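First the structure, in the form of structure tokens, and then the observations on it.
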Amino acid sequence: MRKLIIASLAGIGALTAASVAVVVLLTRDDRLVARPGRAELPPPATPQPTLVPPDYRPGQLLVSPNTGGLTPADFERLTERGPPRVVPPSDSWEAVPVASSRVRGGDPIMAAVGRELIDLHELLSACFEPEVAARQGAATYSPVKPEESMDDAGTTVLLLQLETQTNAVRVVDAPVASSGGASDGTLACVQGLLRGKVFEAPGARAGERRRLQHQLIP
């Protein structure tokens, strides 16, 4: 009887040891039993390229066709530079490049206009006199489009719209980009003097459009 009891206990012990060994093996193999509290991570996603359309313009935001959202580069450009610039219609004045009357880059037509503006300086400056400006009454002036307006730094800035003729240039309008603190009467007076003005410009060919940024100093 004693031998039977001892044999039974030995069998139970062997069975228990085998069970413990199996449990240890299973818990060490992550492929068979997941450890409590440990989530299986998905494989890293492969970055998808952003397709660049054939009509892409610098500053235009690109949208990834794979995610339907902005790529990191697009988001950085948006936060640093603001919204993309709206391209104006090709037949609008806003689509015409702007030159400066101070830096003409050797353009003989713009140089001729610059000389004419210097000759007009005294006449245009008279518009800043209160009594001259008061004669304009309720006259209004034309401003540039909001996207082309400039910070008012105390200087009156005009964007002259010019149409070339044969050996001449005509001022179509002179929208105000910055009032520089000038009154409405003053600005209306200046524009009234410039509109329709024809400058001599030897070598100019008819049918071209130009724009010129001009700072008006009293």
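It should be emphasised that the depicted structure is a prediction, and the values quoted were computed from it without experimental measurement.
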Acceptor/donor pairs from residues 168-175 side chains to any protein atom, 3.5 angstrom cut, sequence neighbours excluded:
unit_1: R170; atom_1: NH2; unit_2: E163; atom_2: OE1; d: 3.2
unit_1: D173; atom_1: OD1; unit_2: S142; atom_2: OG; d: 3.4
unit_1: D173; atom_1: OD1; unit_2: R195; atom_2: NE; d: 2.8
unit_1: D173; atom_1: OD1; unit_2: R195; atom_2: NH2; d: 3.4
unit_1: D173; atom_1: OD2; unit_2: S142; atom_2: OG; d: 3.0

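For residues 121-205, every residue pair satisfying the disulfide bond (SG atoms under 2.5 Å apart) rule, not counting sequence neighbours, is listed here: C127-C189.
A side-chain donor-acceptor contact under 3.5 Å links T156 to the backbone of S179. Listed for the R211 side chain is a donor-acceptor partner under 3.5 Å among the backbone atoms of V96.
For A188 against T140, the heavy-atom pair with the smallest separation is CB-O, 3.8 Å. The minimum heavy-atom distance between D152 and T155, with the atom names listed, is OD1-N, 4.3 Å. Shortest non-hydrogen contact noted between S90 and A95 is O-CB, 3.9 Å.
Within 6.0 Å of CD on E200 lie no more than 12 heavy atoms contributed by other residues, nucleotides or ligands. A 6.0 Å sphere centred on CZ of R205 holds no more than 12 heavy atoms belonging to other residues, nucleotides or ligands. Under a cut-off of 6.0 angstrom, the local environment of CD in E147 is crowded, with over 12 non-hydrogen atoms contributed by other residues, nucleotides or ligands. Atom CG of D151 sits in a sparse spot, with 12 or fewer heavy atoms from other residues, nucleotides or ligands closer than 6.0 Å.
Side-chain contact check for E116 versus K197: every heavy-atom pair is 4.5 Å or farther apart. Between L117 and L160, the closest side-chain pair of non-hydrogen atoms falls below 4.5 Å. When side chains are defined from C-beta on, Q161 does not count as touching L159, because their heavy atoms never get closer than 4.5 Å. Side-chain contact check for V176 versus V144: every heavy-atom pair is 4.5 Å or farther apart. Side-chain atoms of L162 and I109, non-hydrogen and from C-beta on, never get closer than 4.5 Å to each other. In this structure the side chain of V113 never reaches within 4.5 angstrom of the side chain of R210, judged on heavy atoms. A heavy-atom distance below 4.5 Å is found between the side chains of L216 and L124.
Separation of atoms NE2 (H121) and NE2 (H214) is listed at 8.0 Å; rounding is to 0.5 Å.
Residue L212 is grouped with residue L123 when hydrophobic side chains (ILVMFWY) are merged at heavy-atom distances under 4.5 angstrom, including chains of intermediate members.
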